[in-house]
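Please read all numbers here as calculations on a predicted model, not as lab measurements.
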Amino acid sequence: MNYIIYLIAYPILWIVSKLPFPLFYLISDMFYVLLYHIVRYRRRVVYNNIKLTMPNLSEEETKRVVKASYKHLCDIFLEMIKTITIPEQELKKRFVFTNIDTILEVEKQNKSVLLFCAHYANWEWMIILDRSLTNESYAVYKEINNPYFNELFNRIRSRFDTKLIEMKQTIRTIRQNEVDKRHSAYAFISDQSPMVSDANYWQDFMGHEVPVFTGGEALCKKFGMVPMYLKVEYVKRGHYQATFVPLLKEGENVKEVPNYELTNRFLKELEKQLHEAPEYYFWTHKRWKHIGAKPKNIK
């Protein structure tokens, strides 16, 4: 059945990816009507998340952010499909790195970089990064259940030479690269909500204590990598810019930074963006579902 679904869907996705952008975004608008007004996909989750984390917003403003977030969600989904066939130069015009010299300078120091990333603006198009670097770039991902779509998404995300690491293979891959002195850039989506049983650290995020992933920080310290937040911002429809924000203070040694401090700095940077423009965040995740469930044995 998975294969049949793939055989039906792929030609449609390919055709959509070839459409000119004006028609492409018209389809996105149609998806918005379907998703928000008809299917009403996770509308209560999105509303509750925004109301919970930004109680200062009026009811009218909250509803505006909810609707805008769904419109952006549809754009993101369609833009991922667009990646199937978008030319390299077109993507470079639409996803611009504002301070690429920041990461290139780290390359000159023969160090690897770990990029803390978030589900904000368009995180999928950062796959074009490899074409601006001398060293290799990697993206950590988690497999999806349908193996045919999993392979498709892997092909899409590696179109511009970004290499993919399945989450379980991360430590092994980084360790081997460091042994071989293949210094690289590793992108981690770091704002998901881990299972309570797997969480060893809880932190205030948008006004509420939640479990957070600390794997990125642990890898930075273990392998002496330079931590940065990849701050992706919405410029206009179909256009984004990304800025490398160092998470180390001047003169700091990553291995001497107090535990969880890098994770905290990442979350604070993300919080700034959410307060400035909340409509570009991926609010459909149940990010705050574990409020009040912190085990007593965790400080």
Exercise for review: Please tell me if the side chains of L262 and L248 come closer than 4.5 Å, counting only heavy atoms from C-beta onward.
Suggested key: yes

Review point. Any side-chain heavy-atom pair from M80 and F153 closer than 4.5 angstrom?
Key: yes

Exercise for review: Identify whether V96 and L91 are in the same connected component of the hydrophobic contact network (ILVMFWY, side-chain heavy atoms under 4.5 Å).
Suggested key: no

Exercise for review: Kindly work out whether a path of hydrophobic side-chain contacts (I/L/V/M/F/W/Y, heavy atoms less than 4.5 Å apart) joins F282 to V39.
Suggested key: yes

Review point. Quick one: salt bridge (Lys or Arg N to Asp or Glu O under 4.0 Å) partners of R42, sequence neighbours excluded?
Key: none

Review point. Side chains of I291 and L52: closer than 4.5 Å at any heavy-atom pair?
Key: yes

**Study point:** Atom pair CG/NE2 of L57 and H275 - distance to nearest 0.5 Å
**Key:** 9.5 Å

Review point. Given side chains that start at C-beta, do those of M54 and T62 come closer than 4.5 Å, heavy atoms only?
Key: no

Check your understanding: So which pairs with a foot in residues 173-194 pass salt bridge (charged side-chain N to carboxylate O under 4.0 Å, His left out), sequence neighbours left out?
Key -> E136-R182

Revision key, fill the gap. Scanning both residues in full, the closest heavy-atom pair of F160 with D130 reads O-CB, 3.5 Å

Exercise for review: Under 4.5 Å between side-chain heavy atoms, chaining through other members, with only Ile, Leu, Val, Met, Phe, Trp and Tyr counted: pull out the rest of the cluster around V45, sorted by chain and number.
Suggested key: none

Practice item. Please indicate whether I171 has more than 12 foreign heavy atoms, meaning atoms of other residues, nucleotides or ligands, lying under 6.0 Å from its CD1. Key: no

Exercise for review: Tell me, please, which residues at least two apart from H290 pass ring pair (Phe, Tyr, Trp, His ring centres under 6.0 Å).
Suggested key: none

Exercise for review: Report the C-alpha separation of K142 and E166 in whole Å, then their side-chain angles, then the decisive distance to 0.1 Å, and conclude whether the salt bridge (charged side-chain N to carboxylate O under 4.0 Å, His left out) test is met.
Suggested key: CA-CA 6 Å; K142 184 176 182 179; E166 207 284 323; over 6 Å; no

Study note, to complete from the structure: Output for pair (Q203 CD, N264 CG), nearest 0.5 Å, gives 4.0 Å

Check your understanding: Got a sec, which residues hit salt bridge (Lys or Arg N to Asp or Glu O under 4.0 Å) with K221, two or more places apart in sequence or on another chain?
Key -> E217

**Study point:** From OH (Y240) to CZ (F97), nearest 0.5 Å
**Key:** 14.0 Å

Practice item. Please name all residues satisfying salt bridge (Lys or Arg N to Asp or Glu O under 4.0 Å) with K222, sequence neighbours left out, ordered by chain then number. Key: none

Study note, to complete from the structure: Sequence neighbours excluded, the answer for ring pair (Phe, Tyr, Trp, His ring centres under 6.0 Å) partners of F77 is none

Review point. Which heavy atom of V106 sits nearest a heavy atom of S112, and at what distance?
Key: CG1-O, 4.4 Å

Review point. W288 vs W283 aromatic rings, parallel, tilted or perpendicular, using cut-offs 30° and 60°?
Key: parallel

Practice item. Can you run down the salt bridge (charged side-chain N to carboxylate O under 4.0 Å, His left out) pairs that involve residues 83-93, sequence neighbours left out, and say none if there aren't any? Key: E88-K92, E88-R131, E90-K93, E90-R94

Practice item. Please name the pair of heavy atoms, one in S132 and one in L104, separated by the smallest distance, quoted to 0.1 Å. Key: O-CD2, 3.7 Å

Point to revise | Salt bridge present between D29 and R237 (N-O < 4.0 angstrom) | key: yes

Exercise for review: Enter the distance from K82:NZ to I156:CD1 here, rounded to the nearest 0.5 Å.
Suggested key: 13.0 Å

Check your understanding: Do L219 and F213 share a hydrophobic cluster, counting only Ile, Leu, Val, Met, Phe, Trp and Tyr and linking them when any side-chain heavy atoms are less than 4.5 Å apart?
Key -> no

**Study point:** Partners passing ring pair (Phe, Tyr, Trp, His ring centres under 6.0 Å) against Y148 (at least two apart in sequence or in another chain)
**Key:** Y3

Review point. What distance separates C220 SG from L114 CG, expressed to the nearest 0.5 Å?
Key: 4.0 Å

Review point. Should side-chain heavy atoms under 4.5 Å link Ile, Leu, Val, Met, Phe, Trp and Tyr, which residues sit in the same cluster as Y141?
Key: L164

**Study point:** Nearest heavy-atom neighbours spanning L247 and R265
**Key:** O-NH1, 2.7 Å

Review point. Do the ring centers of Y6 and F149 come within less than 6.0 Å of each other?
Key: yes

Review point. Checking E252 side chain against K249 main chain: does a donor-acceptor pair fall under 3.5 Å?
Key: yes

Exercise for review: For the pair Y201 and Y260, name the ring-plane relationship: parallel under 30°, tilted 30 to 60°, perpendicular over 60°.
Suggested key: parallel

Check your understanding: Just one of F188, F244, F116, F266 clears the ring-ring contact (aromatic ring centres under 6.0 Å, His included) bar with Y229, so which one?
Key -> F266

Point to revise | Short side-chain to backbone donor-acceptor contact, N150 and N146, under 3.5 Å | key: no

**Study point:** Worked check of side-chain hydrogen bond (donor to acceptor under 3.5 Å, both in side chains) between T243 and N99
**Key:** CA-CA 6 Å; T243 303; N99 61 340; 4.7 Å; no

Show me, pair by pair, the donor-acceptor contacts under 3.5 angstrom made by side chains of residues 12-26, not counting sequence neighbours?
unit_1	atom_1	unit_2	atom_2	d
S17	OG	W14	O	2.6
S17	OG	T85	OG1	2.9
Y25	OH	E79	OE2	2.6

Review point. Below 4.0 angstrom, N of the basic side chain to O of the carboxylate: do E61 and R64 qualify?
Key: yes

Review point. Looking only at heavy atoms, what is the nearest atom pair of R159 and I86, with distance?
Key: NH1-O, 2.8 Å

Exercise for review: Please name the pair of heavy atoms, one in P211 and one in S193, separated by the smallest distance, quoted to 0.1 Å.
Suggested key: CG-OG, 4.1 Å

Check your understanding: Side chains of Y36 and Y41: closer than 4.5 Å at any heavy-atom pair?
Key -> no

Review point. Less than 6.0 Å separating the ring centroids of H37 and Y32?
Key: yes

Review point. Thinking salt bridges, do E233 and K272 make one under a 4.0 Å N-O criterion?
Key: no

Exercise for review: Indicate the ring-plane relationship of Y120 and Y280, choosing parallel, tilted or perpendicular according to the 30° and 60° boundaries.
Suggested key: perpendicular

Point to revise | Under the salt bridge (Lys or Arg N to Asp or Glu O under 4.0 Å) test, residues paired with K268 that sit two or more places apart | key: E271

Check your understanding: What is the distance from atom NZ of K163 to atom CD1 of I127, rounded to the nearest 0.5 Å?
Key -> 13.5 Å

Review point. Has the side chain of T162 got a donor or acceptor atom that lies under 3.5 Å from a matching backbone atom of S158?
Key: no

Point to revise | Under-4.0 Å salt bridge between K231 and E269 | key: no

Exercise for review: Measure the shortest side-chain to side-chain distance between Q241 and V232 over non-hydrogen atoms and say whether it is less than 4.5 angstrom.
Suggested key: no

Check your understanding: Taking a hydrophobic cluster as the set of Ile, Leu, Val, Met, Phe, Trp and Tyr residues connected by side-chain heavy atoms closer than 4.5 Å, whether directly or through intermediates, do L78 and I38 fall within one such cluster?
Key -> yes

Practice item. Could you check if a side-chain atom of E279 sits within less than 4.5 angstrom of a side-chain atom of K67, using non-hydrogen atoms only? Key: no

Practice item. Measure the shortest side-chain to side-chain distance between Y281 and I50 over non-hydrogen atoms and say whether it is less than 4.5 angstrom. Key: no

**Study point:** Check: N49 side chain, H285 main-chain N or O, donor-acceptor pair, under 3.5 Å
**Key:** yes

Practice item. Give the cluster check for V245 versus V235: same hydrophobic cluster or not, with ILVMFWY residues linked at side-chain heavy-atom distances below 4.5 Å. Key: no

Point to revise | Any donor-acceptor N/O pair, H72 side chain to A121 backbone, under 3.5 Å | key: yes

Check your understanding: Hey, is CG on N145 packed in by over 12 heavy atoms from elsewhere, all under 6.0 Å?
Key -> no

Point to revise | Residue of the set V113, I174, V254 for which side-chain contact (heavy atoms from CB on, under 4.5 Å) holds with M225 | key: I174

